[in-house]
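I have placed the structure first, in the form of structure tokens, so that the comments after it can refer back to it.
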Amino acid sequence: MPDVRVRFAPSPTGYLHVGGARTALFNWLFAKHHEGKFILRIEDTDVERSSAEMVHGILEGLSWLGLEWDEGPYFQSQRMQQYQSAARKLLQEQKAYACFCSQELLAAKREAAAKAKLAWKYDGTCRKLSEAEIREKEGQGQARAIRFKVPSEGKIHFEDQVFGTIEHDFQNIEDFVLLRSDGMPTYHLGVVLDDIDMRITHVIRGADHISNTPKQILLYRALGQPIPLFAHVPLILGPDKTRLSKRHGATSVTAYRDQGYLPEAFRNFLALLGWAPGDEREKMGTQELIQSFSLQGINKSNAVFNLEKLEWLNSQYLSSTPAAELFPYVKAEMEKAGLWDAEYEGSRKAWFLSLIDLLKTRARLLPDFVTNGRAFLSDEYEIEAHAPEKFLQEPSLRLLLPELASRLEGLPRFDLESCEFTLREFADEKQVKAGLLINAARVLLTGKAVAPGIFQVMHTLGQKRTVERLRKAF
RNA sequence: GGCGCUAUAGUGUAAUUGGUUAACACGCCGCCCUCUCAAGGCGGAGAGUACGGGUUCGAUCCCCGUUAGCGCUACCA
């Protein structure tokens, strides 16, 4: 498939949401797979609702996901001439006509039809206007939109790469507006012209555009241009199977970044929503995703966003990513929590990396490094609510622990082996279970009932802190 | 209301051109490991493929209908 060119064309009327991100990802994967180009275009023809801030947010979201674009961003608002001249041409060729119906009138007609439970489509009032009538209205300076002339009879069908053959009757397609009375193009004119000019070969977009496609194909034909291939991807729904929205919590991709998801994990998760490689792989890296991606692997039914699986995937990435790669993320978290010290990327960097390795298999989200790592970085940590009653009940601990502390203090080398040997030997001597001491030590050393293996904790914490905390316990 | 699309365990996905005990993952339960938890390993419950008809020797897969969900039905995109 030579010269594949695809695009992601969000409108900046909102942030980059999960659905948009997934569409962008599929386009990006498709482009990479075919060594084609991924183009970014901002559809900002709705001046009322578009904003520069949203544009910024969208770019930020894409960058976070690592979806770099090869061309753009192009802005529709900067291509007004093209749209207007195309509309003029269509008008001259009688493929479109001027419509003087006011929006109020149209709205009233639509409402009346709805009330009478009748199907409504534009009734073609202005399609029947004579030359003279048009000139008269124009002379009066009446505002006019330009509508496309949809054939009154017949059918249109196209081969969707995901959904197969889609058929529509012209009877159900109204004479849609191409150019608004303020001279701005509508979505249909905009996309088609842009996709033509940008030589887009495959239009990969949300399934909510399926019903729009026939109109656009009609436009391609009227313009005498080749028609790209269409691939519509199923929508992503919330847990209640309604369209994903603010009601379902975070829907902007940057919100997931802020909650502590890794971009690789999020991207992997997104790829699996509505697509599968055809075999049973789930955790897939970028290259693997690119290699395996194909339009054939996209399925037709809507997908439900499963937060638990996202979290699981994130934990998988967290535990398998080398500490050095996790470092910048963890650093940012520690800074936010006020636990950062410049030494951690200087003289104590190796130690800090080992701490990351210690914590990462138990982390599900980035902030877990803070909650589980605090006791290693500071003496200001809380003792978890029910931890003492669970593991510090045994009265003999009061004597045992300080004595153990002294033994550990005397160790010439404070490593995993010597800590373990010392504690177990001590337990034998005192005829108590090692577990008793271990669990009690865990609460004292980390403030938690749940933490990594105790000897690793001791080793990472260091001799001084370990001894102090065991001693200071009671 | 009209038109379009979809329908496999709670969720995400598999199931060569119709022939499988309908598979895998998340989640849930249990066991192992073990100093707790996570990870890991092992096992279990959970769908007879929305429902009803056809076609066929045989349908998750093809056709029709019903139902449900979603989408479109704007001078939004």
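Chain identifiers are assigned alphabetically (A, B, ...) following the order of the sequence lines, protein sequences preceding nucleic acid strands; residue numbering begins at 1 within each chain. Just so it is clear, the values below take in all heavy atoms, side chains as well, and ignore hydrogens, waters and symmetry mates.
Residue Arg424(A) places at least one side-chain N or O under 4.0 Å from the OP1 or OP2 atom of rC35(B). Neither OP1 nor OP2 of rA77(B) sits under 4.0 Å from any side-chain N or O of Thr186(A). Within the structure, a side-chain polar atom (N or O) of Arg180(A) is placed less than 4.0 Å from OP1 or OP2 of rA77(B). Phosphate contact (OP1/OP2 of rA38(B), side-chain N/O of Gln456(A), threshold under 4.0 Å): absent.
Looking only at atom types and distance, the side chain of Arg281(A) has a donor-acceptor partner in the side chain of Ser292(A) under 3.5 Å away. Looking at Arg465(A) and Thr460(A), their side chains never bring a donor and an acceptor atom within 3.5 Å of each other. Residues Thr286(A) and Arg267(A) have side chains that bring a donor and an acceptor to within less than 3.5 angstrom of each other. Between Ser418(A) and Asp415(A), the side chains place a donor N or O and an acceptor N or O closer than 3.5 Å (distance only, hydrogens not considered).
Across the interface with RNA chain B, nearest-nucleotide mapping of Val177(A) and Lys300(A) shows Lys300(A) to be the residue nearer the 5′ end. Comparing Ala145(A) and Gly435(A) by the nucleotide of RNA chain B whose heavy atom lies nearest to each, the residue mapping closer to the 5' end is Gly435(A).
Atom P of rU11(B) sits at a distance of 15 Å from the matching atom of rG69(B), rounded to the whole Å. Taking the P atom of each, rU8(B) and rA15(B) are spaced 14 Å apart, rounded to whole Å. A distance of about 23 Å separates the P atoms of rC5(B) and rA9(B), rounded to the whole Å. Remark: the separation of the P atoms in rA39(B) and rC26(B) is 10 Å, to the nearest Å. Comparing rA38(B) with rC32(B), their C1' atoms are spaced 16 Å from each other, to the whole Å. Between rG40(B) and rG48(B), the distance separating the two P atoms is 30 Å to the nearest Å. Annotation: rU49(B) and rG18(B) have their C1' atoms spaced 14 Å apart (nearest Å). Taking the C1' atom of each, rA7(B) and rG12(B) are spaced 15 Å apart, rounded to whole Å.
Applying the 3.5 Å distance criterion, the base of rC37(B) shares a donor-acceptor pair with the side chain of Arg362(A). Taking 3.5 Å as the limit, the base of rC75(B) and the side chain of Ser181(A) contain a donor-acceptor pair of atoms between them. The base of rA77(B) is not paired with the side chain of Asp208(A) by any donor and acceptor separated by under 3.5 Å.
For the pair Gln142(A) CD and rC75(B) C1', the interatomic distance rounds to 15 Å; values are reported in whole Å. When the C1' atom of rC70(B) is taken as reference, atom NE2 of His232(A) falls 15 Å away, rounded to whole Å. In this structure, OH of Tyr187(A) is placed 11 Å from P of rC72(B), rounded to the nearest angstrom. When the C1' atom of rU34(B) is taken as reference, atom CG of Asn439(A) falls 11 Å away, rounded to whole Å. Between Arg442(A) atom CZ and rC37(B) atom C1' there is a gap of 8 Å when expressed in whole angstrom units. We find that CD1 of Ile236(A) is positioned 15 Å from C1' of rG71(B), with the value rounded to whole Å. Put simply, CZ on Arg110(A) is 10 Å from P on rU73(B), counting in whole angstrom units. Atoms CZ (Arg243(A)) and C1' (rU6(B)) sit 15 Å apart, rounded to a whole Å.
The residue Ser211(A) sits close to a base: some heavy atom pair falls under 4.0 Å. Looking at heavy-atom distances under 4.0 Å, Cys101(A) makes contact with a base. Within the nucleic acid shown, Gln316(A) comes within 4.0 Å of sugar-phosphate atoms alone, with no base atom in reach, counting heavy atoms only. Note on Pro10(A): nothing from the nucleic acid sits closer than 4.0 angstrom, heavy atoms only. If you check every strand for non-hydrogen atoms under 4.0 Å, Glu167(A) touches sugar and phosphate atoms only. Glu43(A) comes within 4.0 angstrom of the backbone, heavy atoms only, and of no base.
Remark: Glu288(A) CD is packed, more than 12 non-hydrogen atoms of other residues, nucleotides or ligands lying under 6.0 Å away. The 12-atom threshold is not exceeded at CD of Glu48(A), counting heavy atoms of other residues, nucleotides or ligands nearer than 6.0 Å.
Here the nucleotide nearest the side chain of Leu237(A), chosen from rA74(B), rA77(B), rC70(B), is rC70(B). Side-chain atoms of His168(A) lie closest to rC3(B) of the nucleotides rC3(B), rC35(B), rU6(B). Nearest to the side-chain atoms of Leu235(A) among the listed nucleotides rG71(B), rA77(B), rU73(B) stands rG71(B).
Remark: of the listed residues Ile42(A), Asp44(A), Thr45(A), Asp44(A) is the sole one forming a side-chain contact (heavy atoms from CB on, under 4.5 Å) with Ser77(A).
Aromatic ring centres of Phe414(A) and His459(A) lie farther apart than the 6.0 Å criterion allows. Phe26(A) and Phe293(A) have their aromatic ring centers within a separation under 6.0 angstrom. Ring pair Tyr187(A)/His209(A): centre-to-centre distance below 6.0 Å.
Applying the 90° criterion around 0 to the glycosidic angle, rG53(B) comes out anti.
Taking the ring centre of Tyr122(A) as origin, the terminal cationic atom of Arg147(A) falls inside the region bounded by 6.0 Å and 45° from the ring axis. The side-chain tip of Lys283(A) points at the ring of Tyr317(A) from less than 6.0 angstrom away and within 45° of straight on.
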Inset, instruction - Evaluate the side-chain contact (heavy atoms from CB on, under 4.5 Å) criterion for residues Ile227(A) and Arg221(A): first the C-alpha distance (whole Å), next the side-chain angles of each, then the deciding distance (0.1 Å), finally the verdict. - result: CA-CA 8 Å; Ile227(A) 297 162; Arg221(A) 285 186 189 164; 4.3 Å; yes

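Secondary-structure annotation of RNA chain B gives the stems B:1-7 with B:67-73, B:10-13 with B:23-26, B:28-32 with B:40-44, B:50-54 with B:62-66, with a stem taken as at least 3 successive Watson-Crick or G-U pairs whose two distances both fall under 3.5 Å.
A donor-acceptor pair under 3.5 Å is formed between the side chain of Asp368(A) and the backbone N or O of Arg364(A).
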Protein N or O to nucleotides 63-66 of chain B N or O, pairs below 3.5 Å:
none

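Aromatic ring pairs are classed by plane angle as parallel below 30°, tilted from 30° to 60° and perpendicular above 60°; the pair Phe266(A) and Phe305(A) is tilted.
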Given protein heavy atoms under 4.0 Å, the one-letter contact record of nucleotides 11-28 of chain B, with B base, S sugar-phosphate only and - none, is simply BBSS--------SSBBS-

